[in-house]
Number of protein chains: 2
Amino acid sequence: MTRTALTRDDVLDAAAALVRQLGPQALTMRKLAAELGTAVTSIYWHVGNRESLLDALVERTVHEMGAIRPAGRTPAQRIVSVARRLHRELRERPHLIAMVHERGLTDRMFLPAQQALVHEVHAAGLRGARAAEVVRSVQYQVVGFVLVERNRDRAPVQSPARGELWDSRTAEHDPALARALSRPADPEKLFETSVRALVSALLEPPARTREADPN
Amino acid sequence: MTRTALTRDDVLDAAAALVRQLGPQALTMRKLAAELGTAVTSIYWHVGNRESLLDALVERTVHEMGAIRPAGRTPAQRIVSVARRLHRELRERPHLIAMVHERGLTDRMFLPAQQALVHEVHAAGLRGARAAEVVRSVQYQVVGFVLVERNRDRAPVQSPARGELWDSRTAEHDPALARALSRPADPEKLFETSVRALVSALLEPPARTREADPN
DNA sequence: ACCTGAACACCGTTCAAGT
DNA sequence: ACCTGAACACCGTTCAAGT
């Protein structure tokens with residue numbers, strides 16, 4: 001069972017597996033070394049230190065995010081399809097995505113998808129700063145959802161123990177709503193609804209609700 | 001300068017200040033003790049351990065989030081006003097909010113706001129599961145934005161050094177868009193645009209883009 | 001070029017001991 | 001009831017030393 005010489009890639013692979021399952025805080029240099037069957041200090045020779053090891057994982061993740069082909073007939077459908085694909089890609093490695101984001105590389109990671117989005121937004125007739133705003137809004141929506149969901153499933157028991165919160169006044173007028181809100185959300189469905197709503201409204205000509213507000 | 005006896009609240013105050021400015025990872029029991037001028041072990045007597053100290057901070061944050069009065073004429077305006085107020089409240093303590101979220105207490109924290117939102121969504125004519133979906137969608141949008149922004153400003157230099165990314169093809173057809181995308185986003189404006197779009201579309205009668213999709 | 005153990009500074013936490 | 005220092009197990013990291 002003696003392995004061939006330890007490789008930088010061996011280290012990255014083992015580290016990535018750890019981070020992907022348990023998050024970055026679970027990655028300790030000493031456990032990593034144990035897993036690889038070497039001395040802790042060998043790792044330092046290959047990757048520098050813990051911080052640049054994480055940097056390398058992030059770099060990898062950014063490169064793994066490839067282009068995404070839009071699907072659908074209308075620009076709205078095609079934009080939603082890109083968002084949905086992004087969302088699914090990111091959901092599979094939420095910890096790595098959070099690390100990418102922490103390091104300010106989100107824009108770089110989104111570049112290929114961003115170009116696809118720009119194309120579709122153009123097809124929908126938008127230009128300039130307005131088009132950029134739409135692209136960014138979709139991007140924020142996707143990343144925001146992934147970050148929300150990442151933390152969601154780190155917290156095993158959602159706190160307002162079922163029903164407890166909503167059996168007072170609301171339950172009487174609208175029991176279906178009370179029931180829905182006391183159940184855990186279906187993130188996939190919620191994302192779908194939200195991104196469809198967002199995109200369809202963003203592609204419409206002008207803002208409607210424009211007036212001075214006191215907040 | 002000798003202080004009166006150390007209080008549990010003293011500990012929480014000092015800890016909250018640390019977390020609020022520098023994030024939870026900056027809170028070490030030993031630094032906290034140093035700041036308070038006591039032995040590390042005194043802190044343990046007052047708060048148990050680090051984990052329950054953080055729990056207490058979260059508990060506090062949840063209680064600090066009070067009700068929010070909607071403002072505006074139409075339901076859409078009033079929902080947006082609640083979202084905007086939530087967004088601003090949360091933005092002032094992004095680390096604490098992230099901790100609340102990690103511990104699965106987001107729903108509990110949002111409870112007062114959620115009741116206001118339910119009221120407005122009812123006023124807009126929605127009921128049952130559909131109404132719950134709208135409330136949750138807005139809530140996800142707000143929390144998502146805060147989490148995105150929290151990480152944004154932890155990462156000082158946004159990576160795609162200005163312009164570098166967009167001076168190729170796109171810059172020629174649509175230089176205004178290229179310029180906009182190479183500048184850092186204005187989060188407040190982006191939130192406003194996104195939440196208005198989301199709400200206005202969610203309040204409209206049916207979903208429009210409904211058809212089988214291949215993704 | 002690659003790997004090692006010893007050593008350092010820093011954690012969180014426990015515990016017996018003080019007042 | 002409150003506070004203390006010593007001690008333990010665990011970190012990341014450096015370095016001189018091996019092959």
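Quick note on labels: first sequence line is chain A, next is B, and so on, each numbered from 1.
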Determine whether B:V121 and A:L177 satisfy the following criterion, side-chain contact (heavy atoms from CB on, under 4.5 Å), listing intermediate values before the conclusion.
CA-CA 11 Å; B:V121 169; A:L177 176 139; 5.7 Å; no
With respect to the phosphate group of C:dA1, does any side-chain polar atom (N or O) of A:H46 fall under 4.0 Å of OP1 or OP2?
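Checking C:dA1 against A:H46, no side-chain N or O comes under 4.0 Å of OP1 or OP2.
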Quick check on B:H119: does its NE2 atom have over 12 non-hydrogen neighbours (other residues, nucleotides or ligands) under 6.0 Å away?
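Atom NE2 in B:H119 is not packed in, count stays at 12 or less.
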d([atom1], [X]; [atom2], [N]) in whole Å:
X	N	atom1	atom2	result
B:W45	D:dT4	CH2	P	13 Å
A:N49	D:dC15	CG	P	13 Å
B:Q25	D:dC11	CD	C1'	16 Å
A:D10	C:dC2	CG	C1'	14 Å

Who is the Watson-Crick or G-U wobble partner of C:dA1, with both distances under 3.5 Å?
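Per the H-bond distance test, D:dT19.
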If pairing requires Watson-Crick or G-U wobble contacts with both distances under 3.5 Å, which nucleotide is the partner of D:dT13?
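Checking every strand shown, D:dT13 finds its partner in C:dA7, with both distances under 3.5 Å.
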Residue [X], side-chain atoms from C-beta onward, closest of [options]:
X	options	value
B:L6	D:dC2, D:dC3, C:dT13	D:dC3
A:A5	C:dC3, C:dG12, D:dT13	C:dC3
A:T41	C:dC11, D:dT4, D:dT14	D:dT14
A:K31	D:dC11, C:dC11, C:dC2	D:dC11

Using modelled atom types only, decide if a donor and an acceptor are shared between the side chain of B:R50 and the backbone of B:L27 within a distance under 3.5 Å.
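Flag set: sc B:R50 to bb B:L27 pair under 3.5 Å.
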Is there a donor-acceptor contact under 3.5 Å from the side chain of B:N49 to the main chain of B:S52?
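Pair found, side chain donor or acceptor close to backbone of B:S52.
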Which residue lies more 5' along DNA chain C, comparing A:S42 with B:R30 via nearest heavy atoms:
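Result of the comparison: A:S42.
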Counting any heavy atom closer than 4.0 Å, what does A:L27 reach on the DNA or RNA strands: base, sugar-phosphate only, or nothing?
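Result for A:L27 = sugar-phosphate.
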